[in-house]
Amino acid sequence: MRLTGAEILCESLTRLGVRHIFGYPGGAILPVYDALGKSKLHHILVRHEQGATHMADGYARASGGVGVAMATSGPGATNMVTGIATAMLDSSPVVCITGNVSSKLLGSDAFQEVDITGITMPITKHNVVVTRAEDIARTLREAFLIANSGRPGPVLVDVTKDAQQASVEFDWEKSVPKLPPKRVRDNHDQAQFDRAVELLNSAERPLILAGRGIMLSGAMRSFARFVHSSNIPVAMTLLGIGCFPAKDPLNLGMMGMHGEAWVNNAIQEADLLVAVGMRFDDRVTGDLRTYAKNARKIHIEIDRAEINKNVAVDAALIGDAGETLDRLLPHMRFCDHAPWLHHIAGLKGDSAVRDIQSLPDSGHLYAAHVINDLWKETRGEAIVVTDVGQHQMWEAQYYHHDQPRTLITSGGLGTMGFALPAAIGAKFAKPEADVWVVVGDGGFQMTMCELATIVQEKIKINIAIINNGFLGMVRQWQEFFYDKRYVATPLVAPDFAALANAFGIRGERITGRGDVIPAIRAARESAETVLIDFRVEQEDSVYPMVPAGASLNEMIRRPNSPLVETATEP
Ligand SMILES: Cc1cc2nc3c(=O)[nH]c(=O)nc-3n(C[C@H](O)[C@H](O)[C@H](O)COP(=O)(O)OP(=O)(O)OC[C@H]3O[C@@H](n4cnc5c(N)ncnc54)[C@H](O)[C@@H]3O)c2cc1C
Ligand SMILES: Cc1ncc(C[n+]2csc(CCOP(=O)(O)OP(=O)(O)O)c2C)c(N)n1
Ligand SMILES: [Mg+2]
């Protein structure tokens, strides 16, 4: 069958199981758009290419599959850079397809030519320029394999215009990926394995550190079996939230800079840390010199480059989390660790009584109230997509996730503007899900143009703007570390409800605590997208906080109530 390169591209994507592409056209990718029109692929027209990459990323994070974004050369491609870096830092499988000028013009500073593979070299798992139509099918098959195997990550495929236009014989069977053979994994290293088993079975104060790798491995069941058979408590990274139910009594909550105080203290007191699919980010460890000094460490991790990168470990089990946990399971001896669990329960103190959720209504609306009400109203079953800042941390503390892939957030790059487009992608991946955007007034203004995409695609999501009139997280740092000099953090915003109306979206403003639940209910009942502008307390701060570079146990605690940091179950 003779097809153009553009037709081969669309046919290959279809055969790879793609149904949705998030993109924006332009001259250098026009042949592909022409072929797209004749294909069964659903193209979602975004308003900015950064949005396309976040949508593809949100799609990947919600589904576990690969998300696809497309753009033209030059400015289209460079607009993708932030989204690609976001996916890279959080190991998200995204394939970006860009058009480029004809191969003969490459390197000539032609109109809208940029070296996008050069630009994205350090922020892609792999990238490649395709200059021949006959290479398109194989290259795309390779791109999908690379993006979603081992440690996932973004792949960029740059296709020159002449490769899109040329007609060649299309042979899918012959277009097989040419990839180097997989390396033998170290989790077959018996000495490391035996050491890990010995450490696990002799520890008195063990703690599991659960990360996103558990979800990437699809190892939730193996993980739960492992936890229950060993009765070891679990602390989660921000990106690990959802890999183990929040309601499980062994789940202690989030660790790190804004983690629960009792979790961070338990880490510092533990005699064994079992890190599973997490990479000891600096937001997690604080000062490395004082980090968990009393603990031996086991690291279960697929990427050998992560072993001993930040934290030296006593046993490294390199391989897939699920496979490794299944291999460990028969060797585990049950131990109830009762004194240790009792000690951790004591670290929690009287937080249930003195928590902000239990305090009498002062007439002020706090972000924590909004998020905790959202959790109660959605029974913890929504997919929540957050942006970056204080609201992101309050979501992690006050919305209790029991299901994997229900918290979608930019952790490693911390990309403001991520939430709205990523939520659109998540909705395409999970059309039946109740998708909520939790976003700050700052981050929302970065990508709010995608409201038009929602309207054009007629999709239903719910948008909760946590509007504190500040770039809140930066204001908090200025309050704590710069003597309250609020330089460039007070933020003027439009009337978000009126703005929503201008896009043809229902918008509402909420200022009182009593109105929160009715507004959430009404939004959920509406068949159309609803935006709620929650006007919350302006100078509220996220507690606890480990100042950057401080030891994990040196937390700034909530003022006047030293034992109280976060919500507990009602
Ligand atoms: C404002 C802000 C504040 C933050 N505060 C905190 C905080 O208080 N606490 C916190 O935890 N984070 C916080 N973060 C997030 C933090 O920066 C990191 O993104 C996060 O800690 C990383 O979590 P992770 O290691 O689980 O996930 P990732 O960074 O996604 O790492 C996953 C790891 O799993 C491995 N892996 C992948 N697949 C597999 C597999 N199949 N089997 C085994 N391993 C696999 C990968 O190689 C990787 O090493 C914050 C971010 C922001 C923006
Ligand atoms: C693209 C980008 N620019 C700057 C930052 C630095 N930054 C981190 S949090 C934050 C403030 C976010 O403000 P807002 O969206 O209103 O959320 P809030 O913290 O108030 O909840 C800023 C500016 C960032 N993370 N991303
Ligand atoms: Mg704000």
Side-chain angles (χ1 to χ4, degrees), residues 50 61 82 86 88-93 148-153 187 209-219 235-241 243 253-260 263-264 275-286 299-307 309-310 317-325 367 386-397 409-419 438-447 465-477 488-491 493 536 538 540-542 544-546 548 552:
Q50 180 185 347
R61 294 187 202 221
T82 300
T86 305
M88 182 70 178
L89 271 277
D90 290 349
S91 302
S92 191
N148 211 12
S149 60
R151 178 178 187 166
N187 72 356
L209 308 180
R212 171 162 155 78
I214 294 168
M215 270 165 311
L216 292 170
S217 158
M236 291 175 302
T237 65
L238 175 69
L239 297 186
I241 287 176
C243 74
M254 188 171 79
M255 66 183 94
M257 179 176 272
H258 293 294
E260 317 288 1
V263 179
N264 289 343
V276 189
M278 60 82 74
R279 60 181 175 88
F280 291 109
D281 183 84
D282 54 72
R283 287 286 182 272
V284 160
T285 60
H299 200 176
I300 301 175
E301 165 62 54
I302 206 161
D303 181 356
R304 70 179 61 226
E306 291 295 341
I307 304 294
K309 187 180 84 176
N310 298 330
L317 303 180
I318 302 173
D320 175 67
E323 282 173 24
T324 310
L325 292 167
T386 83
D387 216 73
V388 171
Q390 292 184 312
H391 63 279
Q392 178 187 29
M393 295 298 108
W394 281 314
E395 200 285 347
Q397 296 179 343
T409 193
S410 165
L413 197 67
T415 307
M416 284 172 71
F418 174 80
V438 172
V439 60
D441 44 332
F444 184 72
Q445 292 188 67
M446 284 199 171
T447 51
I465 302 182
I466 307 298
N467 185 351
N468 53 12
F470 274 103
L471 296 172
M473 185 55 95
V474 182
R475 186 210 58 76
Q476 175 169 342
W477 283 52
T489 44
L491 188 66
V536 298
Q538 294 211 325
D540 194 9
S541 292
V542 182
M545 178 176 189
V546 182
L552 202 55

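Start at 1 and go down the list; that is how both ligands and their atoms are numbered.
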- Message: With a 4.0 Å cut-off on heavy atoms, is G218 in contact with ligand 1?
- Response: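 Per 4.0 Å heavy-atom rule, G218 does not contact ligand 1.
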Do any nitrogen or oxygen atoms of [X] come within less than 3.5 Å of a nitrogen or oxygen of ligand 1?
{"X": "D320", "result": "yes"}
{"X": "S91", "result": "no"}
{"X": "F280", "result": "no"}
{"X": "G412", "result": "yes"}
{"X": "L216", "result": "no"}
{"X": "V284", "result": "no"}
{"X": "M257", "result": "yes"}
{"X": "Q392", "result": "no"}
{"X": "I300", "result": "no"}

- Part of D281 within contact of ligand 1 (heavy atoms, under 4.0 Å):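 The side chain, only.
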- Distance from atom 29 (O) of ligand 1 to nearest protein heavy atom, with residue and atom: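 Nearest protein contact, heavy atoms only, for atom 29 (O) of ligand 1 is R279 NE, 2.5 Å.
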With atoms numbered from 1 as shown, which atoms in ligand 1 lie under 4.0 angstrom from a non-hydrogen atom of [X]?
{"X": "M393", "result": "2 (C), 3 (C), 4 (C), 5 (N)"}
{"X": "D303", "result": "47 (O)"}
{"X": "G414", "result": "53 (C)"}
{"X": "G411", "result": "15 (C), 16 (C), 17 (O), 19 (O), 51 (C), 53 (C)"}
{"X": "E306", "result": "49 (O)"}

Are [X] and [Y] close enough that a side-chain donor and a side-chain acceptor fall under 3.5 Å?
{"X": "S410", "Y": "T86", "answer": "no"}
{"X": "N468", "Y": "Q390", "answer": "yes"}
{"X": "T409", "Y": "Q392", "answer": "yes"}

- Task: Mind checking salt bridge (Lys or Arg N to Asp or Glu O under 4.0 Å) for R279 and listing every partner two or more places apart, or none if nothing turns up?
- Result: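 Salt bridge (Lys or Arg N to Asp or Glu O under 4.0 Å) list for R279, sorted by chain: D281.
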Would you mind finding which of [options] brings a heavy atom closest to [atom]?
{"atom": "atom 14 (N) of ligand 1", "options": "D387, L238, T415", "answer": "L238"}
{"atom": "atom 33 (C) of ligand 1", "options": "A396, G389, G277", "answer": "G277"}
{"atom": "atom 35 (C) of ligand 1", "options": "E301, M236, R212", "answer": "E301"}

- Kindly tell me which protein residues have any non-hydrogen atom under 4.0 angstrom away from an atom of ligand 2, grouped by chain and ordered by number?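 Its neighbours under 4.0 Å (heavy atoms only) are V388, G389, Q390, H391, G414, M416, G440, D441, G442, G443, M446, N468, F470, L471, G472, M473, V474, given by chain and number.
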- Task: For M446, enumerate each residue passing the side chain to side chain contact (heavy atoms under 4.5 Å, CB included) test, keeping only those at least two apart in sequence or located in another chain.
- Result: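 By the side chain to side chain contact (heavy atoms under 4.5 Å, CB included) rule, M446 matches M416.
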- In the protein, N/O/S atoms that are found under 2.8 Å from the Mg ion (ligand 3), waters not counted: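 Result, waters dropped: D441 OD1, N468 OD1, F470 O.
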- What distance do H258 atom NE2 and N264 atom CG have between them, rounded to the nearest 0.5 Å?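 Rounded to the nearest 0.5 Å, the NE2-CG separation comes out at 11.0 Å.
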- Quick one: does I466's side chain get under 4.5 Å of V438's, heavy atoms only?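 Yes, their side chains come closer than 4.5 Å.
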